[in-house]
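Note: hydrogens, waters and symmetry copies are ignored here, and every other heavy atom, side chains too, is used. The chains referred to below are lettered A, B, ... by the order of the sequence lines, with proteins before strands, and numbering in each begins at 1.
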Amino acid sequence: MATRIETPAGTASEPAIVPDRSARYDPAVIEQKWRERWQRDDLYRVEDDAPGEKFYALTMYPYPSGVLHIGHWFAFVAPDIYARMLRMRGHNVLYPMGFDAFGLPAENAAIRNNIHPAIWTFDNIAKMRQQYHQMGAMIDWSRELATCTPDYYRWNQWFFLRMLERGLAYRAMGAVWWCPQDQTVLANEQVLDGNICERCGSEVIKRDLEQWYFRITDYAEELLHEGETLDWPERVKTMQRNWIGRSEGARLRFTLETGDALEVFTTRPDTVWGATFMVLAPEHPLVARLTTPEQQADVAAYIEQARRQTEIERLSTDAARSRTGVFTGGYAVNPVTDERIPVWIADYVLMGYGTGAIMAVPFGDQRDFEFARAFDLPIRAIVQPPDETGIDPATMTGAYTGPGILVDSGPMTGKRVPEELPEIIAWLEETGRGEAEVTYRLRDWLISRQRYWGTPIPVVYCDECGMVPVPEDQLPVELPLDAEFTPTGQSPLVSHEAFLHTICPQCGGPARRETDTMDTFVDSSWYWFRYTSPHEEHAPFDRETAARWTPVDLYCGGIEHAILHLLYARFFTKVLRDLGLIDHGEPFLRLRNQGIILAEEGTKMSKSRGKTVSPDDLVAAHGADALRLHLMYLGPWDQGGPWNARGITGMERFIRRAYGLVTETGAGPFVGSMASTETTALARLQAKTIQRVGDDLDEFQFNTMVAALIEYVNELMRLHAREPDLIHTPRWRSALETLVLLMAPSTPYVAEELWDRLGMPYSVHHQSWPSYDPALTQEATVEVVVQVNGKVRDRVLLPPDLAEEEAKARVLAQPKIVAALGGNSPRTVIYVPGRLINIVV
RNA sequence: GCCGGGGUGGUGAAAUGGCAGACACGCCAGCCUUAGGAGCUGGUGGCCGCAAGGCCGUGCGGGUUCGAAUCCCGCUCCCGGCACCA
């Protein structure tokens, strides 16, 4: 190794070979040096009013679980590279970071290790922040937030109160998991294998309790249609569309013999003449009134069984699973046929969808058909398929769901379905039997958690006044830190007397605080606004600053949040807009998901199986720059895949080659004005590489971007070997500067070091992204493939814009082609300029 | 069952209608070295061939096209999501 670092660029010097330890690429030394310098200089501080078009790049903030694993690196490095490139392109880029700091693991650690959740959480945050520094991420740490601080969660409470005022937050009974052993409600995440309590291992059941909800269903339609306009992966949009589950149909009114009205939702109101029985969800409120004394025992037993039913059973597609249900003994009247039809209960009807009751049309619905066959209920044919004779209900083996003509359907007989459905609905409306309706699968968002480590819900219960919201000036309702974490099976808040007992803000009498805390998805539903003014004390965020930065231009994160987090965040944004705090309704304009990094065996990386890969060890062995490159080079970023440590040596070699190239040939002198083919080739290579790297980054193709960098270095070395004097031309110097600039987003440390060694002013990360002359990306002559009948027979060098006739003439004269033609004359010649010529004989 | 994504050398992959396998790992050979788990050079899809060269080849079967990894139809396997939604 040799170096000339003492010699300023442009000055002649002896090619003295001075062995110098500092010349060797030593990532440990380089990375520590620059990391400290950047921190000292606050290099990544973002000013709200800095020049340049704003760009808000955001990565889903992590849960502070302890340490960053390799998957975190994979997720964070890509947007970091992208954000760095945009900054070099002149944008004012906001790339903040924080911690999703409330949640179950902290509480479990508290119970297990007798350490307070707050201490555990902040210890982890400190560790992880160090790791981000090590990664070389371009994060403005002055904006860091942790959702478990009162400064942050008081605004969760503030939003809750605003939503309560607007009727968007409400209390209602809801079926939740209940552990009879621990005498407590469990979050869904705490229920293992369908119905096992995470804590004590006993079987859990569903139980009705009063819970807090956010009325996200009010926004169902908007969430659905505004989602279509977003630049998000198609599959995420599809998942959200399916989750919202819009379905068009009608609400029809049936009457029960008890005198109660029973409404049902159906997408096939045309088949109401075929409704031969009705089915209620076991939990339906009318079941009790409807059940006759003789059926009482059966019904009660069935309801009990349905309650115990595990998720696994419910989700099973087992063909052996049969339709179950029980007759209530009660009857309803079909509103169009006036027939008396039996009312059953069955678990295939869900309380949470539609009205929790259906009209059963066994002829036209497969589930109803199976039910009718199982319990020997009547089936009536009401649709005749086109160009066929009628179907005989006695012999049919499955429901008929196809198109046809209505038969035995009173005044609607003869109508074509589905074409004339609107007329049928109109008739039902005119005659008062029902009306058109749209139903959604989306349910309201249950935000209550019977846990300690979360945002206290700011209401109190007073014997006199009932439920009373905590006045805004009394926020935050602080989570007491002196809670007891013995595993009693209850939230520590319930037994925390000082927290529990308070004074009613309305009458001043004794009151009891709500002990439920909020789902942590509330925290993550608005955190990106907080980054724009993280120290604002009088509002969740400063309106003007938020207006400047939001919406987020690019949001990166895992596909696992495709539904919940992203849907809640969209909902919150719309609520914030309706509260007048912002003027847009969609939070994230562009979304990109990384794939999942699996363990080397292709299985899921899990802590419990010891399959995690520690980035710290890899950094110690190869440097953060090499690890960054390696992760980006594994494959397409959105695909993920099994982890593989072997390839990292290739990235290390690449960095060493680039390092050697710049340090050994970067000091000049650059005096030659060589007009050789090599300098032209060099200029073309440089232009093409700038284009490739930029285009690949624009398209989030990090793996091919890295390949372009590697090829650039390899090609520079080849040119140098072919023409040793090339390194003394100004063109060469320019090529090296370009190399360092192109490397800066991906390998920030070594790029800074090389920039410094080139004698360029600090910092490489404040330089402009290199530009190129598009004319140079075109070669003067290109190798054109010559095919005969689609098989490659020769290659010729031609100008890419050569006229067709000229090209044909030249190619047909080639000896190999003459031989391949064997005397046959060409029938057609296909010419794709700059690519190929295909001669068809 | 439904909806996505995918199947290309020994491995990760590239090529989205025009030279299949860029680039990297690994492997082989050579150079350098006291040494190499360092560096450099060359080779590396399969088959036939001393070679020149030829044939075959992108999960399977068919189709469209001068030309298909790429588009269309059918099948198959793997991964992910949803799942009685009336």
Across all strands shown, which nucleotide pairs with B:G12 by Watson-Crick or G-U wobble geometry, both distances under 3.5 Å?
B:C23
Under 4.0 Å, heavy atoms only, any strand: does A:Thr267 hit a base, just the sugar-phosphate, or nothing?
sugar-phosphate
When both hydrogen-bonding distances must be under 3.5 Å and the geometry is Watson-Crick or G-U wobble, what is B:C40 paired with, if anything?
B:G30
Taking the P atom of each, how far is B:G10 from B:C47, in whole Å?
10 Å
Just to confirm, is there a sub-4.0 Å distance from OP1 or OP2 of B:C85 to any side-chain nitrogen or oxygen of A:Arg268?
no
Dump the pairs, protein N or O against N or O of nucleotides 43-48 of chain B, anything under 3.5 Å, distances to one decimal.
none

Rounded to the nearest Å, what distance is computed from the CD1 atom of residue A:Ile655 to the P atom of nucleotide B:C25?
13 Å
When we call it a touch if two heavy atoms are under 4.0 Å apart, what does A:Arg246 touch: a base, just sugar-phosphate, or nothing?
nothing
Between B:G9 and B:C72 - P atom distance, rounded Å:
23 Å
What's the CD1-P distance between A:Ile837 and B:G67, to the nearest Å?
17 Å
For nucleotides 17-23 of chain B, 5' to 3', base contacts (B), sugar-phosphate-only contacts (S) and non-contacts (-) with protein non-hydrogen atoms under 4.0 Å give -BB--BB
Pair A:Trp637-A:Val77, side-chain contact (heavy atoms from CB on, under 4.5 Å): steps then yes or no
CA-CA 10 Å; A:Trp637 186 70; A:Val77 166; over 6 Å; no
Work out how far the C1' atom of B:G6 is from that of B:G54, and round it to whole angstrom.
35 Å
With rounding to whole Å, what would you report as the distance between B:C79 and B:C84 at their C1' atoms?
25 Å
How many whole angstroms separate atom CD of A:Gln594 from atom P of B:G5?
19 Å
When rounded to the nearest Å, what value does the distance between P atoms of B:C23 and B:G45 take?
12 Å
Could you tell me the Watson-Crick or G-U partner of B:G53, where both distances fall under 3.5 Å? Say none if there is no partner.
B:C48
Name the orientation of the base relative to the sugar in B:G9: syn if the glycosidic angle is within 90° of 0, else anti.
syn
Taking OP1 and OP2 of B:A86, is either one under 4.0 Å from a side-chain nitrogen or oxygen of A:Arg441?
no
So, are A:Arg241 and A:Glu234 salt-bridged, with charged N and O less than 4.0 Å apart?
yes
Between A:Asp695 (CG) and B:A15 (C1'), how many Å, whole number?
16 Å
Salt-bridge contact A:Asp231-A:Lys237 (side-chain N to carboxylate O under 4.0 Å)
no
Could you tell me whether A:Glu370 and A:Arg373 have a side-chain N and a carboxylate O separated by less than 4.0 Å?
no
Given that both distances must come in under 3.5 Å, which nucleotide forms a Watson-Crick or G-U wobble pair with B:A86?
none
For B:G5 versus B:C55, give the span between their C1' atoms, rounded off to a whole number of Å.
35 Å
Check for me whether the distance between the ring centres of A:Phe700 and A:Phe702 falls short of 6.0 Å.
yes
After noting the C-alpha distance and the side-chain angles of A:Tyr25 and A:Thr663, does the key distance pass the side-chain hydrogen bond (donor to acceptor under 3.5 Å, both in side chains) rule?
CA-CA 10 Å; A:Tyr25 172 63; A:Thr663 54; over 6 Å; no
On the six-membered ring of A:Trp243, is A:Arg441 placed so that its NZ or CZ lies under 6.0 angstrom from the centre and within 45° of the ring axis?
yes
Does B:A35 have a Watson-Crick or wobble partner in any strand here, with both distances under 3.5 angstrom, and which is it?
none
Take A:Asp368 and A:Tyr348 through the side-chain hydrogen bond (donor to acceptor under 3.5 Å, both in side chains) test and state the conclusion after the steps.
CA-CA 10 Å; A:Asp368 297 347; A:Tyr348 81 90; 2.7 Å; yes
For nucleotides B:A69 and B:G59, find the distance between their C1' atoms and express it as a whole number of Å.
12 Å
Over all strands shown, is A:Arg653 touching base, sugar-phosphate only, or nothing at heavy-atom distances under 4.0 angstrom?
sugar-phosphate
As a quick check of understanding, evaluate side-chain contact (heavy atoms from CB on, under 4.5 Å) for A:Trp344 and A:Leu377, giving each step before the final call.
CA-CA 11 Å; A:Trp344 288 59; A:Leu377 292 158; 3.8 Å; yes
For B:G43 and B:G17, measure between their C1' atoms and round to the nearest Å.
33 Å
Tell me: CG of A:Leu280 to C1' of B:A86, nearest whole Å?
13 Å
Tell which nucleotide pairs with B:A69, taking only Watson-Crick or G-U wobble pairs whose two distances are both under 3.5 angstrom.
none
Tell me which of A:Thr238 and A:Gly635 sits closer to the 5' end of RNA chain B, going by the nucleotide each one is nearest to.
A:Thr238
Does a nitrogen or oxygen in the side chain of A:Thr649 sit under 4.0 Å from OP1 or OP2 of B:G37?
no
Counting any heavy atom closer than 4.0 Å, what does A:Ser247 reach on the DNA or RNA strands: base, sugar-phosphate only, or nothing?
sugar-phosphate
Output the rounded distance in Å from CE (A:Met632) to P (B:A13).
14 Å
Separation of A:Trp243 atom CH2 from B:C2 atom C1', in whole Å?
16 Å
Please indicate whether A:Ile596 has more than 12 foreign heavy atoms, meaning atoms of other residues, nucleotides or ligands, lying under 6.0 Å from its CD1.
no
Can you classify the ring geometry of A:Phe265 versus A:Tyr353 as parallel (below 30°), tilted (30 to 60°) or perpendicular (above 60°)?
perpendicular
For A:Arg235 and B:G6, give me the distance from atom CZ to atom P, rounded to whole Å.
9 Å
Starting from the 5' end of RNA chain B, give me the residue, A:Gln639 or A:Gly650, whose nearest nucleotide shows up first.
A:Gln639
Return the pairing partner of B:C2 with a 3.5 Å limit on both distances, Watson-Crick or G-U wobble; otherwise return none.
B:G81
Between A:Phe371 and A:Phe375, how do the two ring planes meet: parallel, tilted or perpendicular, split at 30° and 60°?
tilted
